[in-house]
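The next block holds one structure in the form of C-alpha cells; read it before the comments.
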Amino acid sequence: KKLPWGTLTGIRPTKIPMKFLEEGKTEEEIRTYMQKTYFASDEKIDLSIDIAERELEILKKIDYENGYSLYIGIPFCPTTCLYCSFTSYPLVSWRQKVDSYLDALEKELDYVAVKFGKKHLNSIYIGGGTPTTLEPYQLDRLIRKIRCSTVEAGRPDSITREKLETLKKWDITRISINPQTMKDETLKIIGRRHTVAQTVESFQLARELGFDDINMDLIMGLPEESLEDVRDTLEQVKALKPDNLTVHSLALKRAARLNMFKEDYKDYKMVNTTEHMNLTAEYAKEMGLEPYYLYRQKSMAGNLENVGYASPGKAGIYNILIMEEKQTIVACGAGASTKRVWNEPNPDGTHRIERCENVKDVAQYIERIDEMIERKQKLFAEE
C-alpha cells in the first residue's frame, strides 16, 4: 500500500524541511531527501516545505533566548466527546470545585510570574477542556490574572454573550469556536450537545462583538460522515468566513470512549482519505487561508495529518511554537505538560528538551499544587 507520508512516523514532519532550510539547503535537496529516505508523496513533501517556509518567516520575530510561552489548562467540558482523550471532565460533576481549581491555578501562575519575570512572554494559550465552561465572573478572574492573547472558546454550547463580552473586555485577540462538523446527526453521535444553529449563532455573536480573529476546528473521519457531508460542512463554514481553520484527521487514543467501548460503536463507518484533505485545502484556499502549521498523531485516520490554515497576518504563533519545539512552554493546570527547551543546540542541530507534567486528576491537582510548583522549580533550577 502506498501511504501519503511513506514511512515517516514522527508527529512533526515540518521539522525536517525547517532544519534543512535553516542550513541553507534548496527545496530540491529537501524534496530528494524526503523521497529517498521516507518515500513521502510529492504532495505531502510540498505541503511540509510550504509550511516550514511560512513558519520560519513568522518565527523570525521570536526571541527564543529571552522569551517563553504559557499554556493554561481548563479541564472542564459540557460533555465528553466520543473521540476525546484530553484531560477533561464533565462540568456537571465538578461545578462546585471550579473556584478551588482556580485558586490552585492562580498559585501556580504566581510562581511562573515571579520565576520568569525578566523574560518576555511571547504567547499565551488558554485551552482545555473548554475554557468557556467557566462562568463569566470566573473567566474575568482568570484573565484579569494573566491578561492573555488567545482563548479556546471551543464548544458553542458553552458560549454566551456575557462570556464573549468578558473576553473582549480584556482584549483577547483570538478565539476558537469549534463545531468539528456542521451536521446535526454527527454531533449527536459524538456526544456534543449543541446544534449547527448554535455554532452559527455563536460565531455571528462573536463577530457582532468585534472579534476579528476566529478559528474553527473540523475533524475528518467522524462516524457516518460521507465526502458530501464534509463538502456541506465546508460550504457552511465558508459562508461564515472564519479567519483560521484547523482541519484534524480523526485520531483515536486508548482513552477515547470510541476505543474503550468498541463493541458499542463497531457498526459505525469512519473514513478519511486524501480526497477529504484535498477538499479542505481547496476550500481553505477559496476562503483566502494559507497553511501555516502541521502535525500528525498515532492512529490517525488515513495516515494523514492535521493542518492549520490562517488568513495573512493571523497565524496562531503558539501553535507553531508548540509544534516546532524551539521555545520553552510553561504549562499550568491539571494535566498540563511543561516543556523546557535549552537554547544551546546539540551537535546535530537539535535542542535538548525536558518535560515535567502536572497530575491529571482535578482533586489531586488542587490538593498537591505545591508539589506541582516544586516540579517546575526542579526543571528550571538553573534559570
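Note that the structure is a prediction, hence the values are computed from the model and not measured.
The side-chain heavy atoms of Ile214 and Phe203, taken from C-beta on, include a pair separated by under 4.5 Å. You'll find the side chain of Ile74 reaches within 4.5 Å of the side chain of Leu134, heavy atoms only. At least one side-chain heavy atom of Arg54 sits under 4.5 Å from a side-chain heavy atom of Pro291. Residues Arg355 and Ser337 meet the side-chain proximity criterion, which asks for heavy atoms closer than 4.5 Å. Inter-residue side-chain proximity for Asp217 and Gln180 is flagged as met; some heavy-atom pair is nearer than 4.5 Å. Between Asn215 and Thr246, the closest side-chain pair of non-hydrogen atoms falls below 4.5 Å. Put simply, the side chain of Met216 reaches to within 4.5 Å of the side chain of Leu240, judged on heavy atoms. Between Tyr293 and Thr14 the shortest side-chain heavy-atom distance does not fall below 4.5 Å.
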Show the numbers, then the answer: is there a salt bridge (Lys or Arg N to Asp or Glu O under 4.0 Å) between Glu374 and Lys378?
CA-CA 6 Å; Glu374 283 171 19; Lys378 287 179 183 176; 5.7 Å; no

In sequence, state the C-alpha distance, the side-chain angles, and the governing distance for Asp99 and Tyr137, and then conclude on side-chain hydrogen bond (donor to acceptor under 3.5 Å, both in side chains).
CA-CA 10 Å; Asp99 284 307; Tyr137 81 89; 2.8 Å; yes

Between Glu354 and Lys339, does a salt bridge (Lys or Arg N to Asp or Glu O under 4.0 Å) hold up when you go through it step by step?
CA-CA 6 Å; Glu354 288 188 17; Lys339 186 187 299 180; over 6 Å; no

I'd like to know whether Asp103 forms a salt bridge (Lys or Arg N to Asp or Glu O under 4.0 Å) with Arg141, so could you lay out the CA-CA distance, the side-chain angles of the two residues, the decisive distance to 0.1 Å, and finally the verdict.
CA-CA 10 Å; Asp103 289 342; Arg141 169 187 173 181; 2.4 Å; yes

For Glu290 and Tyr309: C-alpha separation, side-chain torsions, deciding distance, then whether side-chain hydrogen bond (donor to acceptor under 3.5 Å, both in side chains) applies.
CA-CA 5 Å; Glu290 302 170 334; Tyr309 298 90; over 6 Å; no

Between Glu324 and Lys15, is a salt bridge (Lys or Arg N to Asp or Glu O under 4.0 Å) present by the stated rule, with each step listed?
CA-CA 6 Å; Glu324 297 307 330; Lys15 274 192 166 187; over 6 Å; no

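Tested against His276, the residues Thr280, Leu279, Asn272 include a single side chain to side chain contact (heavy atoms under 4.5 Å, CB included) partner, Asn272. Only one option out of Val230, Val271, Thr181, Leu250 pairs with Met220 in a side chain to side chain contact (heavy atoms under 4.5 Å, CB included); it is Val230.
For the residue pair Ser311 and Asp243, no side-chain donor N or O sits within less than 3.5 Å of a side-chain acceptor on the partner. Donor-acceptor pairing under 3.5 Å is recorded for the side chains of Ser69 and Ser123. Checked by atom type, the side-chain pair Tyr292/Asn319 shows a donor-acceptor distance below 3.5 Å. No donor-acceptor contact under 3.5 angstrom links the side chains of Asn278 and Glu282, judged on distance only. Of the N and O atoms on the side chains of Asn122 and Gln327, at least one donor lies less than 3.5 Å from an acceptor on the other residue.
A salt bridge is defined here as a Lys NZ or Arg NE, NH1 or NH2 lying under 4.0 Å from an Asp or Glu carboxylate O, and Arg31 with Glu28 meets this definition. Ionic pairing of Asp110 and Lys115 is not present here: no N-O contact between side-chain nitrogen and carboxylate oxygen is shorter than 4.0 angstrom. A salt bridge does not link Lys169 with Glu162: every distance from a Lys NZ or Arg NE/NH1/NH2 to an Asp or Glu carboxylate oxygen is 4.0 Å or more. Ion pair Asp361/Arg368 not flagged as a salt bridge, since none of the NZ, NE, NH1 or NH2 atoms sits closer than 4.0 Å to an Asp/Glu carboxylate oxygen. Using a 4.0 Å cut-off between charged nitrogen and carboxylate oxygen, Lys314 and Asp213 do not count as a salt-bridge pair. A salt bridge is defined here as a Lys NZ or Arg NE, NH1 or NH2 lying under 4.0 Å from an Asp or Glu carboxylate O, and Arg161 with Glu208 meets this definition. Under 4.0 Å is where a charged nitrogen must lie from a carboxylate oxygen, and between Glu22 and Lys326 at least one such pair does. Electrostatic pairing of Arg375 and Glu357 does not count as a salt bridge here, judged by no charged N lying under 4.0 Å from a carboxylate O. Taking a cutoff of 4.0 Å between a charged side-chain nitrogen and a carboxylate oxygen, Lys60 and Glu53 do not qualify as a salt bridge. Remark: Glu224 does not engage Lys183 in a salt bridge, criterion side-chain N to carboxylate O under 4.0 Å.
Not one N or O on the side chain of Arg155 forms a donor-acceptor pair closer than 3.5 Å with the backbone of Thr130. Between the side chain of Ser249 and the main chain of Glu305, a donor-acceptor pair closer than 3.5 Å is present. A donor-acceptor pair is defined here as one N or O able to donate and one able to accept, closer than 3.5 Å; such a pair exists between the side chain of Lys163 and the backbone of Ser158. For Asn306 (side chain) and Leu294 (main-chain N/O), no donor-acceptor pair under 3.5 Å exists by modelled atom type. Remark: side-chain polar atoms of Asp184 are not paired, donor with acceptor, to backbone N or O of Thr195 under 3.5 angstrom. No side-chain donor-acceptor contact under 3.5 Å links Gln204 to the backbone of Glu201.
Between the CD1 atom in Ile219 and the OG1 atom in Thr233 there is a gap of 11.5 Å [rounded to 0.5 Å]. Note that CG of Leu164 is 9.5 Å distant from CG of Leu139, once rounded to the nearest 0.5 Å. The OG1 atom of Thr186 sits 7.0 Å away from atom CD1 of Ile190, with the distance rounded to the nearest 0.5 Å. Residue Tyr283 holds its OH atom at 3.5 Å from CD of Glu235, rounded to the nearest 0.5 Å. Of the inter-residue distances, the one linking Thr328 atom OG1 with Phe116 atom CZ reads 6.5 Å to the nearest 0.5 angstrom. The distance from atom OG of Ser41 to atom CE of Met34, rounded to the nearest 0.5 Å, is 9.0 Å.
Between Tyr295 and His248, the two ring planes are perpendicular [angle over 60°; tilted spans 30° to 60°].
Ring centroids of Tyr365 and Tyr101 are separated by less than 6.0 Å, placing the two rings close together.
Residues Ile146 and Ile124 come closest through the heavy atom pair O-CD1, 3.9 Å. Summarising the geometry of Leu218 relative to Pro179, their closest heavy-atom pair is CD2-CG, 4.0 Å, with the distance given to 0.1 Å. Closest non-hydrogen pair, Asn178 versus Pro156, comes out as O-CD, 3.8 Å. When all heavy atoms are compared, the tightest approach of Ile126 to Pro131 is O-CG, 3.6 Å. The heavy-atom pair separating Glu108 from Ala331 by the smallest distance is OE2-O, 3.8 Å. Residues Leu304 and Pro4 share a closest heavy-atom pair of CD2-CG, 3.7 Å.
Judged by the 6.0 Å distance and 45° axis criteria, Lys168 is positioned over the aromatic ring of Phe211.
In this structure, Lys25 places its NZ atom where more than 12 heavy-atom neighbours from other residues, nucleotides or ligands lie under 6.0 Å away. Other residues, nucleotides and ligands contribute over 12 non-hydrogen atoms within 6.0 Å of the CD atom of Glu371. Open room surrounds CD on Gln96; 12 or fewer heavy atoms of other groups in view lie less than 6.0 Å from it. Heavy-atom neighbours of Arg352 CZ from other residues, nucleotides or ligands within 6.0 Å: above the threshold of 12.
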